[in-house]
Peer 1: 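What follows is a single structure, and I will ask about it in a moment.
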Amino acid sequence: MKGFTAALLVGSLLSLSRSSNKAWPPHTVCRDGNLEVLYQSCDPLQDFGFSVDQCSKHLKPNLNVRFGIILREDIKELFLDVALFNKGSPILNFSYPICEEDLPKFSFCGRRKGEQIYFAGPVNNPGFEILQGEYQVLLELYNENHFTVACANATIICS
Amino acid sequence: MMSPTRLAGMLIPAMAFLSCLRPESWEPCVQVVPNITYKCMELNLDKIPNNIPTSTKKLDLSFNPLRHLGSHSFSNFPELEVLDLSRCEIRIIEDDAYQGLNHLSILILTGNPIQRLFPGAFSGLSSLQKLVAVETNLQSLEGFPIGHLKTLKELNVAHNLIHSFKLPEYFSNMPNLEYLDLSNNKIQNIYHEDLQVLHQMPLLNLSLDLSLNPLYFIQPGAFKEIKLHELTLRSNFNSTDVMKTCIQGLAGLKIHQLVLGEFKNERNLESFDKSLLEGLCNLTIEKFRIAYFDYPSKDTIDLFNCLVNVSTISLVHLPLNRPRYLPKNLRWQRLEMVKCDIEEFPKWELDSLKEFVLTASKGVSTFTEMKLESLEFLDLSRNGMSFKGCCSHSHLGTTRLKHLDLSFNDIITMSSNFLGLEELEYLDFQHSNLKQASDFSVFLSLRNLRYLDISYTHTQVVFQGIFDGLVSLQVLKMAGNSFQNNFLPNIFKDLTNLTILDLSRCQLEQVSKVAFGSLPKLQLINMSHNNLLSLDTLPYEPLLSLQILDCSFNRIVASKEREQQRFPSNLVSLNLTQNDFACVCEHQNFLQWVKDHRQLLVEVEQMVCTKPLDMQGMPMLSFRNATCQRSKTIISVSVFTVLMVSLVAVLVYKFYFHLMLLAGCKKHSRGESTYDAFVIYSSQDEDWVRNELVKNLEEGVPPFQLCLHYRDFIPGVAIAANIIQEGFYKSRKVIVVVSQHFIQSRWCIFEYEIAQTWQFLSSRAGIIFIVLQKLEKSLLRQQVELYRLLSRNTYLEWEDSVLGRHIFWRRLRKALLDGKPWSPEGTADTENS
């Protein structure tokens with residue numbers, strides 16, 4: 001009986017600590033014969049949905065993507081940071097402005113905290129062939145005050 | 001088996017303990033500014049928390065499932081100015097929900113699926129200026145119970161289900177309304193009566209955003225004689241025809257700024273041509289902006305036919321291709337072209353144009369001369385263009401230019417020194433590739449220039465007169481360039497008005513002592529990301545106004561040796577982080593200086609040591625002077641010890657015999673013998689015996705008692721008897737002074753022979769030979785026995801030098817001490833006997 005009580009106590013403590021430090025479940029963007037793309041939200045506040053219409057190691061230019069999220073911050077301005085790693089070493093790093101305050105490019109720019117965003121359309125990517133290997137991509141969207149809007153840890157496995 | 005009561009008795013304290021573990025569950029909100037700002041975002045609150053101070057002015061309750069706002073929900077917070085209720089799943093807002101919030105100026109209701117708004121839902125709110133009801137299932141403005149909000153300035157009802165553009169009657173109650181966002185609704189048609197209220201109560205400052213509404217029809221004349229500040233229509237039209245008729249429907253509108261265009265992800269039109277904008281001829285427009293009409297067009301000239309009288313025109317992402325000609329008599333004063341892909345640099349003659357911005361365009365590779373006589377403001381940044389010649393009146397075709405931005409371009413060849421452009425106040429070349437900038441005094445004629453940026457322009461400063469003539473310059477940015485020999489000479493002679501200087505990332509290793517000698521107004525210097533090896537304060541001493549100095553990211557090990565860190569007295573911020581500080585005792589003074597000036601230093605806790613290895617990564621403040629004192633002590637102690645040891649050794653050597661006396665016996669004794677030694681010598685050598693031997697042995701330490709025939713032999717006794725009785729019998733040792741005369745003297749030989757016999761009989765060791773002078777071998781051979789002895793035994797040889805004498809006497813004393821009863825017991829025994 002004492003053992004049971006102790007187990008109960010330990011169990012409740014563990015569940016408390018886990019609830020304060022939850023990780024979002026990994027999602028699959030696409031899985032094809034040679035290519036598998038997975039992602040996991042690294043924003044502690046929220047998970048989000050993302051998908052691509054094509055799943056091939058021969059990446060086409062201007063991919064159509066779908067992206068849905070509920071904003072936790074206003075996005076008067078929005079920036080995207082992309083970092084690509086292979087086996088822990090950085091390969092590529094770039095920052096790209098998505099929303100500018102004056103005459104923004106996309107219709108979701110300027111949306112507010114609490115508003116929903118659903119983007120379906122092409123992204124301005126170059127076409128190239130994904131080399132064999134396993135890659136990690138860290139994507140972060142942040143606003144003019146450097147608050148994270150969305151964050152994803154993606155894994156690309158190309159065989 | 002445990003009884004249920006006992007189990008409960010164990011569980012209840014456990015639960016109490018658990019709840020104590022999370023005290024924040026009772027007070028979940030984040031206090032941003034005490035008593036003023038509280039953030040309770042996403043805390044799963046289903047009612048308004050009651051533990052927040054009543055003085056709160058900003059309250060964020062977003063992302064909590066409040067669901068229902070009853071009356072007087074916020075009566076606890078009468079001071080509230082900002083209330084954020086985004087995504088609180090609010091479906092019902094009852095009458096008087098916000099009653100009492102007389103200071104509330106911003107109310108945010110974004111993302112609530114409101115199903116029922118009571119007619120008095122927003123009652124109270126007498127100061128509300130901004131209401132955000134985005135994505136709230138709002139069906140119409142007419143039924144939105146906000147008619148009494150007279151102070152309202154901004155109403156954002158975007159992303160709703162509003163079908164009608166009918167501006168409700170109550171707008172006439174809102175004289176301050178400046179911004180109405182109706183974008184992303186369902187408005188299709190705009191009729192004349194929809195705008196009736198604006199005829200009654202003109203809202204001249206109203207900006208109206210109707211983007212992303214599927215507009216289909218605007219009744220002609222609907223906007224007639226209406227004045228608005230701004231109207232935005234982006235991605236509204238499904239086809240060019242619809243767009244054409246709708247724009248014609250705007251006829252009669254007087255507007256300060258009209259924005260047309262699309263969003264990149266909301267593209268509806270199939271093509272774009274000049275006829276689309278024909279309707280604009282019936283509007284009075286001050287500023288016209290057009291964005292993201294991303295369709296290839298051929299007849300751009302005619303596009304602007306109805307925009308002749310516009311004062312400002314801005315084109316964002318509009319492909320213009322070859323805009324060779326523009327309509328004549330344009331009255332444009334400002335033309336802005338952003339991301340407009342053009343194939344060649346426009347050669348327009350626009351006499352009225354004062355400001356021209358052409359940035360971020362692709363396709364233009366070379367700048368060609370332009371002729372815009374009234375131009376005062378020119379921004380050609382981010383085009384990747386090359387300039388074969390720059391810059392003078394002939395290149396830019398104007399003499400009135402005040403602002404010139406050529407940053408982020410390709411190669412710019414500085415072929416002239418701004419002849420005819422003396423009015424320039426602002427000049428930016430950053431991240432372009434400047435050629436010949438350091439060949440002559442490029443900026444000599446720019447006596448009015450206040451701001452100059454040549455950062456990252458691949459300039460290597462060789463010519464020291466590069467900045468001559470810039471007498472009004474206040475800001476100079478030249479980061480990311482280089483200097484000859486990585487040495488900063490005094491190139492700032494004329495810049496007496498300079499207040500800000502950026503020299504970061506210039507690979508500088510050394511700074512001339514007079515580099516900043518003529519900059520009395522300089523307030524800020526950025527020297528970060530250079531290769532400075534030491535902190536040399538001398539160049540900064542003349543800078544009486546200096547307030548901020550940044551020397552971070554250098555390789556500074558310490559300050560220059562033995563130099564006082566004397567910075568100008570006005571300095572308030574000194575950044576020395578990310579350097580290669582050596583936390584060694586050698587730089588103890590500098591490290592102490594760092595500690596004493598921690599108020600001055602930026603992020604002093606982040607200043608870490610890189611040397612020595614055991615201090616690597618440690619904060620500089622953790623360096624303790626005690627370590628230096630300790631090593632100093634160690635050094636001084638060891639030096640002292642060595643000195644002491646050698647002193648003791650010298651003393652021991654010097655006072656060896658005194659010590660022997662002290663250690664062995666307090667009063668040395670000769671035992672049964674009266675004398676220490678009987679001296680056998682030739683009377684010819686008596687001088688030596690008297691002056692040297694007697695003097696040294698009897699008056700030295702320890703004192704020896706010698707038996708000398710001239711002194712100790714008892715008169716009246718036979719010489720032989722004296723020799724035996726007084727000499728041998730009473731002496732422990734026999735000293736034989738061998739010399740030429742000794743061998744020749746019979747008495748001496750006799751004495752020596754007796755000594756030998758005596759030695760044999762009394763079995764006492766103890767004949768000490770002193771050879772006074774070199775003996776002739778032939779003479780010595782006459783005394784066969786002596787010769788044999790001398791060749792077999794160690795004898796003392798008299799040498800008439802300082803060192804020789806010293807050694808002689810030490811050896812002799814040692815030999816005389818040998819066999820002497822030293823031990824105190826021995827002494828006692830002898831004394832007793």
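Chain identifiers are assigned alphabetically (A, B, ...) following the order of the sequence lines, protein sequences preceding nucleic acid strands; residue numbering begins at 1 within each chain.
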Peer 1: So does Glu115(A) pair up with Arg87(B), basic N to acidic O under 4.0 Å?
Peer 2: no
Peer 1: Hey, what do you get for NE2 (His159(B)) to CZ (Phe108(A)), rounding to the nearest 0.5 Å?
Peer 2: 13.5 Å
Peer 1: With a 4.5 angstrom heavy-atom cut-off, which part of Asn112(B) approaches chain A: side chain, backbone, both or neither?
Peer 2: neither
Peer 1: Please answer whether the main-chain N or O of Ser107(A) pairs with a side-chain N or O of Asn265(B) as donor and acceptor at a distance below 3.5 Å.
Peer 2: yes
Peer 1: Looking at Pro104(A), Pro122(A), Cys109(A), which makes the most heavy-atom pairs under 4.5 Å with chain B?
Peer 2: Pro104(A)
Peer 1: With a 4.0 Å cut-off, would you call Arg112(A) and Asp181(B) a salt bridge?
Peer 2: no
Peer 1: What's the separation between atom CG in Asp74(A) and atom CD1 in Ile108(B), rounded to the nearest 0.5 Å?
Peer 2: 7.0 Å
Peer 1: In terms of side-chain geometry, is the basic nitrogen of Glu135(B) or Arg111(A) positioned less than 4.0 Å from the acidic oxygen of its partner?
Peer 2: no
Peer 1: Determine whether Gln46(A) and Glu42(B) make a side-chain contact, defined as any pair of heavy atoms from C-beta on separated by less than 4.5 Å.
Peer 2: no
Peer 1: On a heavy-atom basis, which atom in Thr110(B) and which in Gly114(A) lie closest, and how many Å separate them?
Peer 2: CG2-C, 3.8 Å
Peer 1: What are the two closest non-hydrogen atoms of Phe63(B) and Ile70(A), and how far apart are they?
Peer 2: CE2-CG2, 3.7 Å
Peer 1: Drop me the distance from Leu45(A)'s CG to Met41(B)'s CE, to the nearest 0.5 angstrom.
Peer 2: 5.5 Å
Peer 1: If you look at every heavy atom in Lys105(A) and Arg234(B), which pair is closest and at what distance?
Peer 2: O-NH2, 4.4 Å
Peer 1: Using heavy-atom distances under 4.5 Å, tell me whether Val132(B) contacts chain A through its side chain, its backbone, both, or neither.
Peer 2: side chain
Peer 1: In this structure, are over 12 heavy atoms from other groups packed under 6.0 Å from Lys57(A) atom NZ?
Peer 2: yes
Peer 1: What verdict does the side-chain contact (heavy atoms from CB on, under 4.5 Å) test give for Arg289(B) and Asp102(A), after you've listed the backbone C-alpha separation in whole Å, the side-chain angles of each residue and the deciding distance to 0.1 Å?
Peer 2: CA-CA 11 Å; Arg289(B) 313 190 75 187; Asp102(A) 188 40; 2.6 Å; yes
Peer 1: Checking Lys113(A) against Ser62(B) for the side chain to side chain donor-acceptor pair (under 3.5 Å) test, could you report, in this order, the C-alpha distance in whole Å, the side-chain angles of both residues, the deciding distance, and whether it holds?
Peer 2: CA-CA 9 Å; Lys113(A) 174 180 165 187; Ser62(B) 56; 3.2 Å; yes
